[in-house]
> 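Shown below is the structure under consideration.
Heavy-atom basis, side chains included; hydrogens, waters and symmetry copies ignored. For clarity, every value in this text was computed on a predicted model and none was experimentally measured.
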Amino acid sequence: MSETSGQLSFDTDALPRSEPSTAVPGLHYIADWLTPDAGAALLEGIDSAPWSAQLKRRVQHYGHRYDYGRRSVAAGSQESAPPLPVWAREMAARLVDEGLMDRKAEQVIVNEYQPGQGISAHVDCLPCFGPVIAAISLGSSCVMDFTNPDDGTKLAVPLAPGSLLVMTGPARYIWRHAIASRKSDPGAAGRVPRGRRVSVTFRTVLHPPPSTTSHSSPDSTTDSSSRTPPSSR
């Protein structure tokens with residue numbers, strides 16, 4: 001098992017402003033995609049909408065509701081999600097304008113993480129969502145861990161408030177990403193306490209809807225048709 005890179009510094013001035021990863025092909029990190037004021041305004045807008053407590057963490061679904069049990073995009077009217085709010089539509093358009101997504105996101109999920117909460121290693125649902133996943137971090141910093149299941153290579157990526165993480169290619173289809181369930185993260189100057197963190201993830205939906213396709217195999221248009229991770233979200 002190889003270990004790629006030590007912990008990156010939490011000092012955002014020491015991080016590249018916009019940097020494709022050489023360790024994880026297809027991973028692109030933009031440290032200050034949102035200014036502090038824009039991030040605070042976005043978080044305030046998110047908190048003005050209702051949260052769902054269906055998971056251990058609170059979530060908001062827009063455009064399409066993701067069914068965690070079936071690992072599919074819910075298609076029934078009773079399970080429908082509200083349309084993308086104005087802020088989400090504006091950011092979806094910006095992602096396309098900047099060449100970061102191939103088309104406007106149709107599904108947005110907002111996740112809230114309190115200190116001590118995390119998410120297990122996974123690849124976002126392959127039969128459900130398109131080739132690009134983009135996620136904004138708000139509130140607290142945290143470390144996201146990437147693992148290559150083929151050779152065990154690992155990379156710990158600090159996510160700063162206002163940063164954008166874009167996953168394409170192998171970063172989207174092969175590498176698993178996770179957030180450890182802990183109350184602090186290792187940093188250059190010692191442990192960094194976590195606060196409340198909110199992530200906003202933008203995804204396109206594959207058509208026809210997953211309810212009419214197999215849930216056990218990935219999108220046939222990718223070169224990862226033989227890979228079905230045990231955990232996908």
> How close do Tyr62 and Pro83 get, counting heavy atoms only, and between which atoms?
CD2-O, 3.5 Å

> Given Arg176 and His122, is the side-chain contact (heavy atoms from CB on, under 4.5 Å) satisfied, shown in steps?
CA-CA 5 Å; Arg176 298 173 189 167; His122 69 283; 5.9 Å; no

> Looking only at heavy atoms, what is the nearest atom pair of Ala81 and Gly63, with distance?
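That closest heavy-atom pairing would be CB-N, 4.0 Å.
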
> Do the side chains of Arg94 and Glu90 get close enough for a salt bridge, i.e. N-O under 4.0 angstrom?
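Here Arg94 does not pair with Glu90 in a salt bridge, since their nearest N and O are not under 4.0 Å apart.
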
> So Trp33 and Leu100, side-chain contact (heavy atoms from CB on, under 4.5 Å) or not? Walk me through it.
CA-CA 12 Å; Trp33 198 70; Leu100 297 169; 3.9 Å; yes

> Using a distance-only test with no angle check, is there a side-chain donor-acceptor pair under 3.5 angstrom linking Arg203 and Gln107?
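Their side chains do contain a donor-acceptor pair, which is all the 3.5 Å distance test asks for.
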
> Test side-chain contact (heavy atoms from CB on, under 4.5 Å) on Leu34 and Leu42; report intermediate values, then the result.
CA-CA 9 Å; Leu34 290 180; Leu42 175 55; 3.8 Å; yes

> Within this structure, what is the CG-CE distance for the pair Leu164 and Met91, rounded to the nearest 0.5 Å?
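These two atoms lie 10.0 Å from each other.
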
> Report yes if some heavy atom in the side chain of Cys142 is under 4.5 Å from a heavy atom in the side chain of Tyr113; otherwise report no.
no

> Under a 4.5 Å cut-off applied to non-hydrogen side-chain atoms, are Trp51 and Val110 in contact?
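Sidechains of Val110 and Trp51: in contact.
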
> My understanding is that only residues two or more places apart in sequence, or in another chain, count here; which of them pass side-chain hydrogen bond (donor to acceptor under 3.5 Å, both in side chains) with Arg194?
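Result, side-chain hydrogen bond (donor to acceptor under 3.5 Å, both in side chains) vs Arg194: Asp185.
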
> Between Asp37 and Thr35, is there a side-chain donor-acceptor contact under 3.5 Å, judged purely by atom types and distance?
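No - no donor-acceptor pair under 3.5 Å links their side chains.
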
> Using only atom types and a distance under 3.5 Å, with no angle test, would you say the side chain of Gln117 pairs donor to acceptor with the backbone of Lys56?
yes

> Could you report the tightest heavy-atom contact between Pro193 and Ser184, atom names first, then the distance?
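Between these two residues, the closest heavy atoms are CA-CB, 3.9 Å.
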
> When rounded to the nearest 0.5 angstrom, what is the spacing between CG in Leu165 and OG in Ser199?
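It comes to 10.5 Å.
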
> Does the side chain of Thr147 come within less than 4.5 Å of Thr153's, by heavy atoms?
no

> Check for a donor-acceptor pair, side chain of Glu112 on one end and backbone N or O of Arg57 on the other, with a separation under 3.5 Å.
no

> As an exercise, state the distance from CD1 of Ile46 to CG of Leu138, rounded to the nearest 0.5 Å.
5.5 Å

> Is any side-chain heavy atom of Leu43 closer than 4.5 Å to a side-chain heavy atom of Val198?
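Contact flag for Leu43/Val198 side chains = yes.
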
> Can you check whether Arg172 reaches Val132 side chain to side chain, under 4.5 Å on heavy atoms?
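The answer is no, as the side chains (C-beta and beyond) never meet within the 4.5 Å cut-off.
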
> What's the shortest heavy-atom distance between Val123 and Ile174, and which atoms?
CG2-O, 3.9 Å

> Atom CH2 in Trp175, atom CG in Asp150: separation rounded to 0.5 Å?
9.5 Å

> Working to the nearest 0.5 Å, report the span between CD1 of Ile109 and CZ of Phe129.
7.5 Å

> side-chain contact (heavy atoms from CB on, under 4.5 Å), that's the test. Do Tyr29 and Val166 meet it? Break it down for me.
CA-CA 6 Å; Tyr29 177 80; Val166 181; over 6 Å; no

> Let me confirm one number: the CE-CZ distance from Met167 to Phe146, rounded to the nearest 0.5 Å.
5.5 Å

> State, with a plain yes or no, whether a side-chain heavy atom of Val200 is found less than 4.5 Å away from one of Val108.
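Yes, their side chains come closer than 4.5 Å.
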
> Kindly give the heavy-atom pair with the smallest separation between Ala160 and Ser141, and that separation in Å.
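Closest heavy-atom pair between Ala160 and Ser141: CA-OG, 3.9 Å.
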
> State, yes or no, whether a side-chain contact exists between Thr168 and His28 at a heavy-atom distance under 4.5 Å.
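SC-SC contact between Thr168 and His28 ruled out.
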
> Can you list the residues that meet the salt bridge (Lys or Arg N to Asp or Glu O under 4.0 Å) rule with Arg197, with sequence neighbours excluded?
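For Arg197 there are no salt bridge (Lys or Arg N to Asp or Glu O under 4.0 Å) partners, ignoring immediate neighbours.
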
> Is there a side-chain contact between Ser52 and Arg58 in this structure, where contact means two heavy atoms from C-beta onward sitting under 4.5 Å apart?
no

> Is it the case that the side chain of Ser163 and the backbone of Ala31 share a donor-acceptor pair, with hydrogens and angles ignored and the cut-off at 3.5 Å?
no

> Check Ala171 against Leu27 and note the closest heavy-atom contact, atom names and distance.
CB-N, 3.6 Å

> Does Arg196 pair with Asp47 as a salt bridge, N-O distance under 4.0 Å?
yes

